[in-house]
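Notes follow the structure.
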Amino acid sequence: MLRKAARYLYAPAMMVGMNGAAVWIVAARGMAGVGWLLPLFALALSLSFLVERWIPYAPEWNVRRGDLKRDIAQAVTTQTITLAGVLMIPVAAHMRPWRNPWPYDLPLWVQVVMSLFIADAGVTLAHYLSHRIPWLWPFHAGHHSPERMYGLNGLIRHPIQQMLEIFMASAVLIAMGLPIKIGYLLAFAIAVQLLLQHSNADMRLGPLRYVLAVGPVHRRHHLRQVKGFGVNFGLFTNVWDYLLGVADCGYGPEASAGEIGLEDSAYPIGYSAQLAYPFTRPRPEAGSRPQSKTEIGSEARS
């Protein structure tokens with residue numbers, strides 16, 4: 001009974017509980033509360049690992065494959081880039097020549113929800129384009145290279161891909177006058193969401209699967225065999241996937257062990273090699289037609 005309840009409560013506990021705690025701390029302590037976001041995320045990460053072992057979707061995905069050190073290195077890099085992006089908010093605000101239209105008078109939690117929805121549109125579009133534009137795909141391919149899904153996978157990003165997504169997520173927000181404390185809360189929410197999206201926990205969503213872009217929906221995005229450019233690119237919601245015509249959120253079969261990863265068996269495993277891959281991979285012939293995700297992923301074999 002307890003495990004069954006955990007399957008339904010895990011996603012809300014992470015999305016509402018962790019983010020609610022973060023908003024409460026910053027609302028109560030202001031910028032002094034931002035320092036508590038790091039230990040709060042460490043708690044979310046620990047909870048993610050524990051739940052994945054208690055109610056695993058695929059028990060074999062809990063077995064390390066020599067990838068933990070690489071994934072930790074990538075996670076540290078991406079989070080460092082994210083924090084650097086947040087620290088640029090005051091600089092961008094100083095350079096902005098127009099008056100800030102940001103709704104500062106709204107409750108803090110309303111401002112955070114608004115920022116999540118706007119950032120969701122930007123990240124979804126950046127993610128979608130990374131699958132459709134051949135020269136962008138190699139920067140994103142590393143995210144699809146793991147053959148198992150667990151929370152830390154969500155933080156695997158090539159630095160170029162990370163910077164693209166940060167720009168797409170924050171450009172409109174910064175133009176609107178995004179406060180730096182909202183920027184920190186947004187970065188925290190994104191990190192928690194990435195844990196949920198790639199979690200190996202056997203979470204159940206019910207009809208919320210048509211709205212929320214978490215594990216049961218996002219696993220289909222990581223299937224090795226895909227048609228065209230893939231499905232379910234959303235970060236927080238599936239709203240933009242519906243608008244782009246790439247949503248697959250129903251109750252059909254989900255991904256299973258052995259179906260996750262890239263078709264290209266020659267894609268490098270090590271962190272340094274993955275960083276260099278976009279610059280060292282074989283180039284497609286000039287004038288070739290646009291490629292599907294599957295074709296782009298197997299390009300190095302040709």
Side-chain angles (χ1 to χ4, degrees), residues 1-24 40-41 43-45 47-58 61 107 109-125 127-128 149-155 165 169 185-223 226 230-256 259-260:
M1 180 64 73
L2 193 56
R3 289 175 185 267
K4 182 177 180 180
R7 289 185 172 94
Y8 285 94
L9 294 175
Y10 174 57
M14 289 284 278
M15 296 183 76
V16 179
M18 290 296 173
N19 287 301
V23 170
W24 179 77
L40 188 60
F41 177 71
L43 176 62
L45 183 61
L47 181 61
S48 173
F49 283 133
L50 288 173
V51 173
E52 285 177 336
R53 280 152 181 78
W54 186 34
I55 50 169
Y57 170 77
W61 285 350
W109 71 269
V110 176
Q111 296 182 51
V112 171
V113 171
M114 185 180 73
S115 72
L116 295 184
F117 191 72
I118 295 172
D120 190 33
V123 173
T124 300
L125 182 58
H127 192 182
Y128 176 74
M149 290 188 71
Y150 73 114
L152 209 56
N153 282 170
L155 301 176
E165 292 191 358
L185 289 169
L186 175 60
F188 176 84
I190 289 174
V192 170
Q193 182 67 11
L194 290 172
L195 292 179
L196 274 174
Q197 268 202 331
H198 301 81
S199 175
N200 187 30
D202 186 21
M203 67 187 82
R204 309 294 171 84
L205 299 175
L208 287 177
R209 69 183 300 118
Y210 293 101
V211 180
L212 301 179
V214 292
V217 171
H218 193 69
R219 290 183 194 118
R220 296 180 189 175
H221 176 75
H222 281 263
L223 285 170
V226 296
V231 297
N232 302 344
F233 296 88
L235 176 60
F236 288 102
T237 75
N238 304 319
V239 171
W240 309 109
D241 288 310
Y242 289 118
L243 294 176
L244 291 169
V246 291
D248 181 14
C249 308
Y251 286 90
E254 294 183 24
S256 61
E259 297 179 330
I260 298 297

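Excluded from the calculations below are hydrogen atoms, water molecules and symmetry mates; all remaining heavy atoms, backbone and side chain alike, are included. Residue numbers run from 1 in the order of the sequence given. Worth saying up front: this structure is predicted, and the values here are computed from it rather than measured.
Closest heavy-atom contact between Val231 and His221: O-ND1, 2.7 Å. Scanning both residues, Thr124 and Gly234, for their nearest heavy atoms gives OG1-CA, 3.3 Å. Of all the heavy atoms in Ala44 and Val192, the pair that sits closest is CB-CG2, 4.3 Å. The shortest non-hydrogen separation linking Ser48 to Gly151 is OG-CA, 4.0 Å. Across all their heavy atoms, Pro56 and Asp202 have their closest contact at O-CB, 3.8 Å. Between Met203 and Ala11 the shortest heavy-atom distance is SD-CB, 4.1 Å.
A donor-acceptor pair under 3.5 Å is formed between the side chain of Tyr242 and the backbone N or O of Tyr210. No donor-acceptor pair under 3.5 Å is formed between the side chain of Glu52 and the backbone N or O of Tyr150. With hydrogens and angles disregarded, no donor-acceptor distance shorter than 3.5 Å links the side chain of Asn232 to the backbone of Arg219. Checked by atom type and distance alone, the side chain of Gln197 pairs as donor or acceptor with a backbone atom of Ala213 at under 3.5 Å. Using a distance-only test at 3.5 Å, with no hydrogens or angles considered, no donor-acceptor pair links the side chain of Ser199 to the main chain of Leu196. Between the side chain of His198 and the backbone N or O of Leu194 there is at least one donor-acceptor pair closer than 3.5 Å.
Atoms CG and CD, on Leu235 and Glu165 in that order, are 8.0 Å from each other to the nearest 0.5 Å. Expressed to the nearest 0.5 Å, how far CG of Asn238 lies from CG of Asp248 amounts to 10.0 Å. Arg3 CZ to Ile55 CD1: the interatomic distance, rounded to the nearest 0.5 Å, is 8.5 Å. Here Asn19 contributes atom CG and Gln193 contributes atom CD; the two are 8.5 Å apart, rounded to the nearest 0.5 Å. Atoms CG and CG, on Asn200 and Leu152 in that order, are 13.0 Å from each other to the nearest 0.5 Å. Atom CG of residue Leu125 and atom CG of residue Leu243 lie 11.5 Å apart, to the nearest 0.5 angstrom.
In this structure, the side chains of Leu45 and Phe49 come closer than 4.5 Å at one or more pairs of heavy atoms. Side-chain contact between Leu185 and Gln111: absent, with no pair of heavy atoms (C-beta onward) separated by less than 4.5 Å. Proximity of Phe233 to Leu244: side-chain heavy atoms (C-beta onward) are nowhere separated by under 4.5 Å. Counting heavy atoms from C-beta outward, Leu186 and Leu116 have side chains that approach closer than 4.5 Å. Side-chain atoms of Met14 and Val214, non-hydrogen and from C-beta on, never get closer than 4.5 Å to each other. Taking the side chain as every heavy atom from C-beta outward, Phe236 and Val123 never approach each other to under 4.5 Å. Residues Val217 and Asp241 form no side-chain contact, since every pair of their non-hydrogen atoms from C-beta on lies 4.5 Å or further apart.
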- Show your reasoning for whether side-chain contact (heavy atoms from CB on, under 4.5 Å) applies to Trp54 and Leu2. CA-CA 11 Å; Trp54 186 34; Leu2 193 56; 3.8 Å; yes

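Between His222 and His218, the angle of the ring planes goes over 60°, which puts this pair in the perpendicular group of the 30/60° scheme.
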